[in-house]
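Notes follow once the structure below has been shown.
All heavy atoms count here, side chains included; hydrogens, waters and symmetry mates do not.
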Amino acid sequence: MKILIRAVLRADKSLCVDLGIMSCLTNACLYVNWIFRIIDHQPKEEVLMLSRIFSKFASKKSKRPTKPRFPHYYPAIISDRELHDFMSDEEYKNICKFPIVSIFPQCNSYDDDDLLFASVGLSQVIIRNLMLVKNLSIRGPEDTHLFFSDEFEEYLSYMKGSDYLITGNLSYDNGFTINTTLYAPDGISDFSVSESNLNKFIIEYCKILTLKLGGQITTELENQWMYGQPSNLEKLIDYGSIIYAAKTKSDSDDQAMDRAILKLFNSDPKFVLPLYELSDYSNRLEMLLHGLHNDPYDAQLCFLLFIALWKSEGPQKEAFQFVRKAIELSPGHGKAHMCAPHAAVWRDSLLRHSELGYRLLPGNTFAINNYLVYLEIAGDSSKALIGLAKEGMENDPYDPTNYNRIIEIYTSQNKYSKALDYAEKLSVLYGPPINDRTLYCLKQNPALKKMLESGRYDPAREHKKLLTELKQLVISGE
């Protein structure tokens, strides 16, 4: 019996260390003498009962989560060329024809909070699910407005970038009902879906939407829709409240937001979509990997893992594998195509992905600039490049990258006066103080972000040097 209890205490000690409860070690030492004293004086039944109690306590294990395994999706692929050459000519041609779909929250700005939050959360779940439809291109969560206005002018501006728009109204007084309006190239239609169970409601709604959008439903797709869903309405509302706060409160506390996100994820770990809203993906790599383990079919999460790993410092196979996986799961994922060349070894072989990013993200200034950059690498004409740079400036007049591109092009053509004109426009954005949107755009490059935050790079100071050089070139004659 003494041997048994010593074994129990050894187990108890290891448990205490694992949990970090050091005071239990001291208490365990005090228990030893007490236990040994009572063994020789107590009835056998009581000694056995005591041993069972300690054995039960000792059998408890730490709940500390295991470190997620870093996936290697393509270990069988040996050459770099094979790793990068994964889209056939036929696949490329088909993706060029994909309809672009924007899915808005099924609510109005004047709905009560819980209904509004549930609608916002639901729209993100629908986006996650429909991204897996192989012949559709779904606008990502970050590219979708919170509310859809039926004002005709806004309708036209939205339709400029999408073939289909989905909006409507959700209610859940007696089960779940959604009244949806589908804006399509051939007109506007309405339909409703009702279900008593939340998960059945989501899946049924996704099926109907997929068919109305011309998508294809397969057994594989239906299986993928079994992952990544909220366990109940409360989790959906909590998720929607986080998104709403992130998109509407400019002074939101990132740390407080992250705590709320991780609390929600830990309470419903199969529902990984809240991880999309983390403030800094690079510092949450382990958490994102946990999410991907729980939902291996989340194309957007694969893309975010690429963002977390990408350093903008040359080829990164471990980052590239995630952007490739995102495209394999969701062939119409515009941002994954846009970023595919960034961490590639064979960047020159991925120009078509950059073009698809431009096609699938119409009006997106980053997609325009990326396409421009890789056209330059491919040796395309300057006329086409200038047209793209101007398109980028029209869509986002605060993004400095397209200004820099057109300055470089005109300078290379010895058209210094034109280059100077755009350089002077850019100097207004750099300030001081620098325009908020301009700074945000610069920080999308991880290497540049690091230099900005460390103070090693001052855009205004560096740009003044460029202005001085261009003015001297203009004076000396073109």
Lys/Arg-Asp/Glu bridge criterion (N-O < 4.0 Å) met for Asp396, Arg437 = yes
For residues Gln300 and Gln124, is any side-chain donor paired with an opposing acceptor at under 3.5 Å?
-> no
Within 45 degrees of the axis of the six-membered ring of Tyr422 and under 6.0 Å from its centre: does Lys425 put its NZ or CZ there?
-> yes
Is it the case that Tyr358 and Glu391 place a side-chain donor and acceptor less than 3.5 Å from each other?
-> yes
Consider only side-chain N and O atoms of Thr180 and Tyr205, and report whether a donor and an acceptor are under 3.5 Å apart.
-> yes
Measure from the side-chain N and O atoms of Lys134 to the backbone N and O of Leu329, and report whether any donor-acceptor pair falls under 3.5 Å.
-> yes
For Asn402 and Thr365, does a side-chain donor sit closer than 3.5 Å to a side-chain acceptor?
-> yes
Quick one: is the NZ or CZ of Lys325 closer than 6.0 Å to the six-membered ring centre of Tyr73, and within 45° of its axis?
-> yes
Would you find a donor on one side and an acceptor on the other, under 3.5 Å apart, between the side chain of Trp225 and the backbone of Ile203?
-> no
The single option from Tyr74, Phe70, Phe306, Trp310 that satisfies ring-ring contact (aromatic ring centres under 6.0 Å, His included) with Phe322 is Phe70
Step by step, work out the salt bridge (Lys or Arg N to Asp or Glu O under 4.0 Å) result for Lys317 and Asp80.
-> CA-CA 9 Å; Lys317 289 184 184 180; Asp80 292 336; 2.6 Å; yes
Indicate whether the side chain of Asn370 and that of His342 have a donor and an acceptor atom separated by less than 3.5 Å.
-> yes
Do any N or O atoms from the side chain of Ser330 and from the backbone of Ala326 form a donor-acceptor pair under 3.5 angstrom?
-> no
Would Lys465 and Glu469 satisfy salt bridge (Lys or Arg N to Asp or Glu O under 4.0 Å), going step by step from the backbone distance to the final call?
-> CA-CA 6 Å; Lys465 295 177 184 177; Glu469 291 173 8; over 6 Å; no
Residues Glu394, Lys390: salt bridge by 4.0 Å N-O rule = no
Ionic contact status for Glu355 with Arg359, cut-off 4.0 Å | yes
Would Asn414 and Tyr416 count as having a side-chain donor-acceptor pair, cut-off 3.5 Å?
-> yes
At their closest point, which heavy atom of Ile126 faces which heavy atom of Cys206, and how far apart are they?
-> CD1-SG, 3.6 Å
Side chains of Tyr276 and Asp298: donor-acceptor distance under 3.5 Å anywhere?
-> yes
